[in-house]
Amino acid sequence: MGPGKSQRVAGAPITVRHVSTLAEYEECVRIQLITWGEDLATPSGLFVVARETGGQTLGAFAGEKMVGFTLGLAGFHDGKPIIHSHMTAVLSEFRDRGIGRMLKLAQRNDALARGIHLVAWTFDPLELKNAHFNINRLGAVVKRYIPNCYGITESPLHAGLPTDRLMAEWYLDSKRVTEIFAGKAARASSGAEKISIPADISERKQIEPAAGARVQSEMREGFLEKLKRGFIVTGLEIGPKEASYIFEIAESVAAEIATK
Ligand SMILES: CC(C)(COP(=O)(O)OP(=O)(O)OC[C@H]1O[C@@H](n2cnc3c(N)ncnc32)[C@H](O)[C@@H]1OP(=O)(O)O)[C@@H](O)C(=O)NCCC(=O)NCCS
């Protein structure tokens with residue numbers, strides 16, 4: 001689905017299209033304030049910068065009402081142009097109806113149409129629903145773990161923890177991503193390794209920050225060690241008690257994530 005196409009989601013016609021006016025950027029800021037609060041919201045001026053420097057903002061609309069957006073900045077990775085997807089949000093009452101996926105698909109189509117084959121973004125490995133969306137639903141892989149990426153913030157969402165982040169790399173026209181969009185789940189090879197954390201960690205870290213910090217610091221050590229040994233994250237299994245990040249040797253998945 002590309003920008004401008006519309007689809008019926010749970011009765012409401014949802015349209016995804018480029019947004020480029022100040023009034024629309026203010027709407028994106030409003031959605032961020034509702035989603036993350038003031039501390040983390042990107043101001044409308046940065047949306048203008050993104051527009052003027054090869055980035056993109058796509059909005060999802062229910063009728064005339066903006067219900068979600070994704071903001072991407074233009075950047076470089078190994079000398080090649082990429083989109084760095086900085087902020088993506090769907091209003092909570094519109095989640096789990098495929099709107100996030102529609103936004104990411106439109107982002108992908110727009111990038112590919114401009115000769116850009118990689119979209120990257122950071123995410124918190126302790127936010128398991130989001131990690132599942134990124135890795136399993138979109139087919140992103142992870143090659144980097146950035147300890148305390150944005151510093152310790154006042155945001156209640158971060159629960160006072162260091163902002164450790166994974167860098168999602170979404171190889172837009174790779175075999176892996178094309179097959180996931182065709183409904184075929186990626187399967188880990190036999191030499192896969194895993195790092196397991198409690199399945200309730202996303203909620204638990206909010207009420208028990210000390211437990212969150214303990215899990216985070218063990219996880220950080222494990223991630224850094226595996227990535228150093230040439231493994232990358234290719235999957236996430238969420239069970240009733242534990243969630244496990246799946247690691248495979250980078251060379252064994254190189255062909256699967258190669259872009260055209
Ligand atoms: C991440 C987000 C944009 C996904 O939007 P969405 O419209 O719910 O996405 P879809 O309906 O296409 O896909 C839903 C999938 O995303 C997962 N998901 C990711 N984050 C989620 C969240 N915070 N709440 C609910 N579901 C979430 C669901 O598990 C679901 O997976 P499933 O299809 O296997 O059930 C939306 O949940 C959101 O705005 N979250 C808060 C902001 C955020 O964390 N943004 C990402 C970091 S910038």
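Residue numbers start at 1 and run along the sequence shown. Just so it is clear, the values below take in all heavy atoms, side chains as well, and ignore hydrogens, waters and symmetry mates. Order of listing sets the numbers, starting from 1, for every ligand and every atom in it. Keep in mind the model is a prediction, meaning the values are calculated, not measured.
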Under 4.0 Å from any heavy atom of [X], which atoms of ligand 1 are there?
X: Arg97; result: 11 (O)
X: Ala89; result: 39 (O)
X: Arg101; result: 12 (O)
X: Ile99; result: 7 (O), 11 (O), 12 (O)
X: Arg137; result: 32 (P), 33 (O), 34 (O)
X: Thr35; result: 41 (C), 42 (C)

For ligand 1, is any non-hydrogen atom under 4.0 Å from [X]'s backbone (N, CA, C, O), its side chain (CB onward), both, or neither?
X: His132; answer: side chain
X: Trp36; answer: side chain
X: Glu127; answer: neither

Open item on the list: Against the six-membered ring of Phe61, is Arg17 placed for a cation-pi contact (under 6.0 Å from the centre, within 45° of the normal)?
Closed with: yes
Task: atom 2 (C) of ligand 1 protein-contacted (non-hydrogen atom, under 4.0 angstrom) - done: no
- [ ] Ignoring hydrogens, tell whether any protein atom lies closer than 4.0 Å to atom 35 (O) of ligand 1; use the non-hydrogen atoms only.
- [x] no
Open item on the list: Working note: Phe223 + Phe247, criterion ring-ring contact (aromatic ring centres under 6.0 Å, His included); need CA distance, chi angles, decisive distance, verdict.
Closed with: CA-CA 9 Å; Phe223 263 83; Phe247 291 75; 5.0 Å; yes
Can you pull out the closest protein heavy atom to [atom]? Residue, atom name and distance to 0.1 Å, please.
atom: atom 15 (C) of ligand 1; answer: Phe133 CD1, 3.7 Å
atom: atom 39 (O) of ligand 1; answer: Val90 N, 2.8 Å
atom: atom 17 (C) of ligand 1; answer: Lys129 O, 3.7 Å
atom: atom 6 (P) of ligand 1; answer: Gly100 N, 3.6 Å
atom: atom 11 (O) of ligand 1; answer: Gly98 N, 2.7 Å
atom: atom 23 (N) of ligand 1; answer: Arg95 NH1, 4.1 Å
atom: atom 45 (N) of ligand 1; answer: Thr88 O, 2.8 Å

Taking the side chain from [X] and the backbone from [Y], do they hold a donor-acceptor pair closer than 3.5 Å?
X: Ser44; Y: Leu22; result: no
X: Ser202; Y: Leu128; result: yes
X: Arg137; Y: Arg101; result: no
X: Arg97; Y: Glu93; result: yes

Open item on the list: Pairing donors with acceptors under 3.5 angstrom, does anything connect the side chains of Glu169 and Tyr171?
Closed with: yes
- [ ] Check whether the side chains of Lys260 and Ser174 place a donor and an acceptor atom closer than 3.5 Å, and report yes or no.
- [x] no
Rounded to the nearest 0.5 Å, how far does [atom2] of [Y] lie from [atom1] of [X]?
X: Ile83; Y: Asp110; atom1: CD1; atom2: CG; value: 6.5 Å
X: Ile180; Y: Thr178; atom1: CD1; atom2: OG1; value: 9.5 Å
X: Thr42; Y: Met87; atom1: OG1; atom2: CE; value: 4.0 Å
X: Ile82; Y: Phe76; atom1: CD1; atom2: CZ; value: 9.5 Å

Task: Pick from Leu40, Asn130, Asn134: the one approaching atom 46 (C) of ligand 1 most closely through a non-hydrogen atom - done: Asn130
Open item on the list: Please state which option from Asp96, Val67, Leu103 has its nearest heavy atom closest to atom 26 (N) of ligand 1.
Closed with: Asp96
